[in-house]
Amino acid sequence: MRRRDPAARCGRGRTNATQCRDKAGRAAARARKPAEPTTAQTTTAETTTAACRAAGERGGGRGRVLVARLDDAGDVLLAGPATRAVRTLADELVFLAGPNGRAAAELLPGVDRVIEWRAPWIDHSPAAVSNAQVADLIARVKGVDEALLLTSFHQSALPLALLLRMAGVRRVCAISNDYPGSLLDVRHVVDETLDVPEAERMLAVARAAGFDLPPGDDGKLAVRRPLPDIGRESGHLLGVGGAADERSYVVVHPGTSAPARTWPADRHRQAVRELVDDGHRVVVTGKERDLTAYVAGDAAVDLGGRTTFAELAAVIEGASVLVAGNTGPAHLAAAVGTPVVSLFAPVVPAARWAPYGVPTVLLGDQQAPCSGSRARTCPVAGHPCLSLVTSEQVVKAVRELTQ
């Protein structure tokens, strides 16, 4: 006889998409009409947004709420809409980020404090798990009242949920297709075969926990204002002043966090020269100074290694277009409203991780053999999904977005 997941009994009489064991939430939910589905991948939640909001208001707010997204900068930026939703009811919002996502977390509107912690089940180069590492996190999240754990479809929220329980966090919400036992109070179950934009997927988790965007919020990506005045550091190189309010140049960002997502350096260099020949001023950005110097050559401004993450946001905001792979700056462009020529390797679905909410031209063979592999190093000889993209295609795409 098949054993039923005990959590399934929580939503008796309703579709078992989100299980909420919180007593106040259940009582309020019974008194109100169930919420509508938030995206194509979700069904009716047991605890409605309105009910949880009402319960929070009766209690004077939801206290200190932690939002966690433990991977890279782009993933953290995509968590922005969900974070703003949480901020509507949180008395204090603490963001838990990994070392690669901290700078992005500090740019999110609504975040009061950032805790950096390297998760051994998510980090690309994880260290061995130690008692000291675990104790450090538990000590730093003491006093958190509830937590929203945001993950990608291939990540588990349960290890972090366990640690937060050990720290005394009373209410924890996350997506989990695995049985969570007592680790989650709000268990959101989704159909992972559907490719929903990552920002919408995370916002659906916030809504399941009883948080929603404030009136007038369009749900797009955003950054904290004001951005740094790049005139002090690099504005003279760009030929602009103040906050770079003239969209008079194209930014080319050749680096990515994984080789499988990288367009060849010589193609970047050729595209820079052809963009200049087409009448554009070009700025090359990135951490890798040797790479940016090579790509810029004598044709473009090289800002490699010169900007903080916030300053990079200001540089990209001043651009007419960003040319980049599937990497953090592409999502930073979306957050400041700059169109993107996206050199997108299909190792992850573009439907989930393409730049969100801004005009975008997607380049790269999305049906290549590496599609959906999640590979960090290309598994196909010759890297055909991106190596077949030409510099002429990039110039044409930039022209399309600027006309």
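Remember, predicted model here, so these are calculated numbers, not experimental data.
- Residue pairs meeting the ring-ring contact (aromatic ring centres under 6.0 Å, His included) criterion with at least one partner in residues 300-332, sequence neighbours excluded, are absent.
- A 4.5 Å side-chain heavy-atom check between Ser152 and Met202 finds every atom pair outside the cut-off.
- Taken to the nearest 0.5 Å, the CG atom of Leu183 stands 10.0 Å off from the CG atom of Leu149.
- Here Leu343 contributes atom CG and Leu362 contributes atom CG; the two are 9.0 Å apart, rounded to the nearest 0.5 Å.
- In summary, Glu192 and Arg201 engage in a salt bridge, as defined by a charged side-chain N under 4.0 Å from a carboxylate O.
- The distance from atom OG of Ser156 to atom CG of Leu162, rounded to the nearest 0.5 Å, is 10.5 Å.
- Proximity of a side-chain donor or acceptor of Trp353 to a complementary backbone N or O of Asn326 within less than 3.5 Å is not detected.
- When each of Val76, Leu108, Thr83, Leu96 is paired with Val67, the side-chain contact (heavy atoms from CB on, under 4.5 Å) condition holds for Thr83 and for no other.
- Residues Pro120 and Pro126 approach most closely at O-CB, 3.4 Å, considering heavy atoms.
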Between Ser176 and Asp178, does a side chain to side chain donor-acceptor pair (under 3.5 Å) hold up when you go through it step by step?
CA-CA 5 Å; Ser176 182; Asp178 296 325; 5.3 Å; no

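- Across Tyr249 and Val315, no two heavy atoms sit closer than the pair OH-O, 2.7 Å.
- More than 12 non-hydrogen atoms from other residues, nucleotides or ligands lie less than 6.0 angstrom from CG of Asp277.
- Panel note: side chain Arg224, backbone Val111; a donor-acceptor pair is recorded below 3.5 Å.
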Report the C-alpha separation of Glu106 and Arg102 in whole Å, then their side-chain angles, then the decisive distance to 0.1 Å, and conclude whether the salt bridge (charged side-chain N to carboxylate O under 4.0 Å, His left out) test is met.
CA-CA 6 Å; Glu106 291 172 342; Arg102 174 169 190 150; 2.9 Å; yes

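- When atom types are taken as modelled, the side chain of Thr88 and the backbone of Pro214 share no donor-acceptor pair closer than 3.5 angstrom.
- Ser320 has its side chain within reach of Val250: a pair of non-hydrogen atoms, C-beta onward, lies under 4.5 Å apart.
- Remark: side-chain polar atoms of Arg140 are not paired, donor with acceptor, to backbone N or O of Trp117 under 3.5 angstrom.
- A salt bridge links Asp145 with Arg170: at least one charged nitrogen is closer than 4.0 Å to a carboxylate oxygen.
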Donor-acceptor pairs under 3.5 angstrom involving side-chain atoms of residues 290-297: please list them, not counting sequence neighbours.
from   : atom 1 : to     : atom 2 : distance (Å)
Thr292 : OG1    : Glu288 : O      : 3.4
Thr292 : OG1    : Arg289 : O      : 3.2
Thr292 : OG1    : Asp302 : OD1    : 2.9

Please walk me through it: do Arg171 and Asp185 pass salt bridge (charged side-chain N to carboxylate O under 4.0 Å, His left out)?
CA-CA 6 Å; Arg171 190 167 187 262; Asp185 300 288; 5.8 Å; no

Apply salt bridge (charged side-chain N to carboxylate O under 4.0 Å, His left out) to residues Arg273 and Asp298 and explain how you reach the verdict.
CA-CA 9 Å; Arg273 292 184 176 277; Asp298 58 2; 3.2 Å; yes

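- One distance of note links CE of Met166 with CG of Leu137; it measures 10.0 Å at 0.5 Å rounding.
- The side-chain contact (heavy atoms from CB on, under 4.5 Å) check on Thr327 picks up His253, Thr256, Ala324, Pro329, with sequence neighbours excluded.
- With respect to Val252, the side-chain contact (heavy atoms from CB on, under 4.5 Å) criterion is satisfied by exactly one of Val341, Leu322, Leu275, Val398: Leu275.
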